[in-house]
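Quick caveat, the model's predicted, so the values are computed rather than measured. Note on naming: letters A, B, ... go to the chains in the order of the sequence lines (proteins, then strands), and numbering restarts at 1 for each one.
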Amino acid sequence: MIYSNLEMQTKIYDHTSIEERWQKTWEERKLFQNMAATVAPGDDWLYLLFAFAYPSGQGLHVGHVESKTALDILARFNRMHGKKVFFPVGWDAFGLPAENYAIKTGVHPAETTRNAIHTFRRQIKRVGISYDWEAEIATSHPGYYKWTQWLFLELYKKGLAYQGDGMVNWCPSCQTVLANEQVVNGACERCETEVIQKKMKQWFFKITDYKDELISGLDQVDWPEATKQQQLHWIGKSEGHEVVWEVVDGAGIPNGKSIKTFTTRLDTIFGVTFIALSVKHDLVGEIRPLGKEAQKYVSEAVIQSESEAKRSGSKNGIDTGTKVKHPITGELIPVWIADFVIGSYGTGAVMGVPGHDGRDNEFAKIHTIKIERAIEGNQENSSDLYEGKGVLTTDFPNFGGLTSEQAIEKIEAEPTYSGVITKTTQYKLRDWLISRQRYWGTPIPIVYDPEGNPHQVKEEHLPWTLPTDVDFKPTGESPLTSSKEFHARVEKLYGKGWRPEYDTMDTFIDSSWYYLRYGSARDETQFADPEQLKALLPVDFYMIGPEHIVLHLLYSRFFTKFLRDQGYLKFDEPFTKMRHQGMIMGPDGKKMSKSKGNVINPDEIIEKFGADTLRVYEMFMGPIESDKPWDISAVAGVYRFLQRTQTALLSQVGEAATPDHPEFLAVRRKLHQTIAKVSSHIPALKFNTAIAALMECLNLFERANRAEKFVLPDGEVRAWTQLIAPFAPFLAEELYQIAVGTTGDEFISVHQSVWPEADAELSAETAFEIPIQIDGKVRARLQIAADQAEDEAFVVAQAQANAVVRRWLAGKKPAIRYIPGKIVSFSTQA
RNA sequence: GCCUCGGUGGCGGAAUUGGUAUACGCGUUAGACUUAAAAUCUGAUGGUCUUACGACCUUGUGGGUUCGAGUCCCACCCGAGGCACCA
């Protein structure tokens, strides 16, 4: 007996008992569980995905509830339309917070993580999110990270995972390498310590191999424009020319060395008055002469991190005394070293055009370098002069008077410049540095022979398990160095003198392929079953916060394209449609944070008002994608709405319909209109207006019922309970089961029922109120029966007969316009 | 500086994409019920002027297109997020 206390129903909305009862029932009946096992040919699947979450010790946040509920509504709505819905959940369980906690308290990250996941799972179930728990995954589980390691080895075998040397960002406090994106204004994003540069041997993924496809693929997806723009900006494709400048000796004779610069404005080459090298440029220290002062400057500048120069916007620099030869004019140009030149972009050197570039202009003025104008009609120090339309000044033989476009074409066509000036494309995107000197992550499946050469861990040794006997305390070395078991394992399997790779992988790797694993979460033989992949992927709808979008999406797209090229996947882009939820702000309108004391705890709201209220309130707050402040009294308003809904629907059960009620058709019309509205607003993600429509419907019903007892036909009572099911699944289940009179075990959930359809005839309005506009102002309104709305002559005659209209139009001959069913417009002008 | 969103009552927000601006909710206020309060229910609620009928104003600002503009066009102001000495 699933429903034992029907009789106890009263007018009181007892959210706690309702929600406990149905959570238990759904769980016992395994509603919507293990869906991937039901994959069959010809299925119409909808794959809904929520951003992989880190199971933090803080537990569920109201922000999580918002996006999870939005997806849950889509899941329930689509299931009721007969679609098979795949709606899995998992945990991005490796990561720094658990490790930092371990350093502080000694509690093993595995334990912290396990507890946090338990908390999240309990809270999510309480909110009624209809996840498929049978497909649950956690990146820290060997059954998962075995395949993360497999992915690494696939990349390694194709040469896309390689070891490289280079300057890396090092956080002295966290004792780890940081990716560029983890450096914010020159400081560690986590602890805000100033980041320094350090040279280390690291593993990289060659994402740059896919740079062009990562740009073009954006045309295939339905994503917010801003997200696409951010991706493009990160990849930073820029077309221009590389120019080789020959270094000359004191007599002006080339000495065999050269400097390359990159420019997007080749036409300004005639205005070059200096060349500037980055302090990290290879030639710094090599070119002669380099005076003592310059030596000193360079060493200071190298010590001073580049990021500091960036922040201060400084324009320091020094003349090296060296000169290069202008490839076109033959003029000798001084070479400077300048801190505003970025070592890692382009060639690490720029041609200085102070006549046409604001930044170069600033530098030239400070250091009194000649400023020369090459193009007419532009502001002296502006960089916005170009649109390909500038005209070169007449000072340049063969080029004077040409437009920028013509000059560039001419240079490109001139054989003399072949190999000196070359059309080229630059990208900001760098290869992905994936090594982390951290414990709580996926071990890199590499071992080193006694000579120090890397070898891949044999596939039969996967999962290459993370040792547990480590010292978390930061020493500047990877914690795995301290594991005895790890060393013993490698020597036993690979031979004496062999050692493991001590670094772990960036957790972005774990979280950038997880959506491929859900369908085969327990498969120990392959990373994903091809049949599952074919049926479920790509992801139809992805809901993800706006904060992590650039890298996670770029990496996910890279993996997808790589695995496609290996023949594992048949699609190019992993996420067909994506939207971002807004942030829920504290009641003070500020971002919620513990220090501000404005955090709303979902458990407290559920305790007091119930999960249904929490869900409906968060959906009612406003558009899903915008930021919204929390308003506790509005929560109570939603609670009242659910309570009134219960009262209204309970009053209908077991009663005979009241066709003689004067409002009978009006209320039913409203209900059918509401069915139509809710049905169209849900797929459009307009949850707030769908709920407003349900409120309007209830208001009209209550007004009619107040005047005289009102009872809807049975089917419409059931339809009403179905309409609220996606939003308030617990209350809807309760009312639906009462409405259908479920007894014993013949239980079919409201969430398994078929979504109601609006009756077009019933929902059609019988009368319109048509405004009458005179010169753009509404002066009167007309009541017109629906069957007269198409009759223009009649409507216009009615309008003209209106007393107010006659007063306004007295003595005038207006132009008349009638938009059927919308408006009558009189115009007295012209 | 660049990119992307936004700007509508006291507040959160609606507006079928050019056709009744302010739906729905909150708040406020008057009332009912109550010994009282809470809860619940009912009515009012953009602004100014007016005894009233009503008039005028109102979607960040200023122009424009149109019979008609929150919606389209031009210029600007303000806010949020992202990127940024990227050559």
If B:U22 has a Watson-Crick or G-U wobble mate with both distances under 3.5 Å, name it; if not, just say none. none

Anti/syn call for B:U17, syn if |chi| within 90°: syn

Would you measure the distance from the P atom in B:C26 across to the matching atom in B:U42 and give it in whole Å? 11 Å

Taking for A:Pro623 and for A:Arg644 the nucleotide of RNA chain B with the nearest heavy atom, the one nearer the 5' end belongs to A:Pro623

Which nucleotide in the set B:A87, B:C85, B:C24 lies at the smallest distance from any side-chain heavy atom of A:Asp339? B:C85

Compare the minimum distances between each of B:G54, B:A87, B:U42 and the side chain of A:Arg706, then state the nucleotide with the smallest one. B:U42

Let's test this: given Watson-Crick or G-U wobble pairing with both distances under 3.5 Å, identify the partner of B:U59. none

Ion pair A:Glu696/A:Lys670, N-O distance below 4.0 Å: yes

C1'-based separation of B:U16 from B:U20 [nearest Å]: 14 Å

Pairing nucleotide - B:C2, Watson-Crick or G-U, each distance under 3.5 Å: B:G82

Using the P atom on both, measure B:A52 against B:U17 and round to a whole Å. 40 Å

Distance, P atom - from B:U28 to B:U34, rounded to whole angstrom: 24 Å

When both hydrogen-bonding distances must be under 3.5 Å and the geometry is Watson-Crick or G-U wobble, what is B:U28 paired with, if anything? B:A44

Is it the case that the ring center of A:Phe363 lies less than 6.0 angstrom away from the ring center of A:Trp336? yes

Would you say the base of B:G19 and the side-chain of A:Gln773 have a donor-acceptor pair closer than 3.5 Å? yes

For the side chain of A:Asn688, counting heavy atoms from C-beta on, which of B:A55, B:A23, B:G13 is nearest? B:G13

Presence of salt bridge, A:Asp212 and A:Lys237, under 4.0 angstrom: yes

Taking only distance into account, with no hydrogens and no angle test, what donor-acceptor pairs under 3.5 Å do side-chain atoms of residues 815-824 of chain A form with protein atoms, sequence neighbours excluded?
unit_1: A:Tyr818; atom_1: OH; unit_2: A:Ala789; atom_2: O; d: 2.6
unit_1: A:Tyr818; atom_1: OH; unit_2: A:Gly821; atom_2: N; d: 3.1

A:Arg779, nearest nucleotide to its side chain (from B:G19, B:A55, B:A87): B:A55

Base-pairing assignment for B:A36 (Watson-Crick or G-U wobble, both under 3.5 Å): none

Heavy atoms from C-beta onward define the side chain here; which of B:A55, B:G25, B:C26 lies closest to that of A:Arg640? B:C26

Between B:G18 and B:G27, how many Å separate the two P atoms, rounded to a whole number? 36 Å

Closest nucleotide among B:C24, B:U4, B:U20 to the A:Asn699 side chain: B:C24

If pairing requires Watson-Crick or G-U wobble contacts with both distances under 3.5 Å, which nucleotide is the partner of B:C53? none

Flag the pair A:Tyr639 / A:Tyr13 as yes when their ring centroid distance falls below 6.0 Å, and as no otherwise. yes

Interatomic distance at P, B:U22 relative to B:A75, whole Å: 32 Å

Would you please confirm or rule out a distance under 4.0 Å between OP1 or OP2 of B:G68 and any side-chain N or O of A:Arg817? no

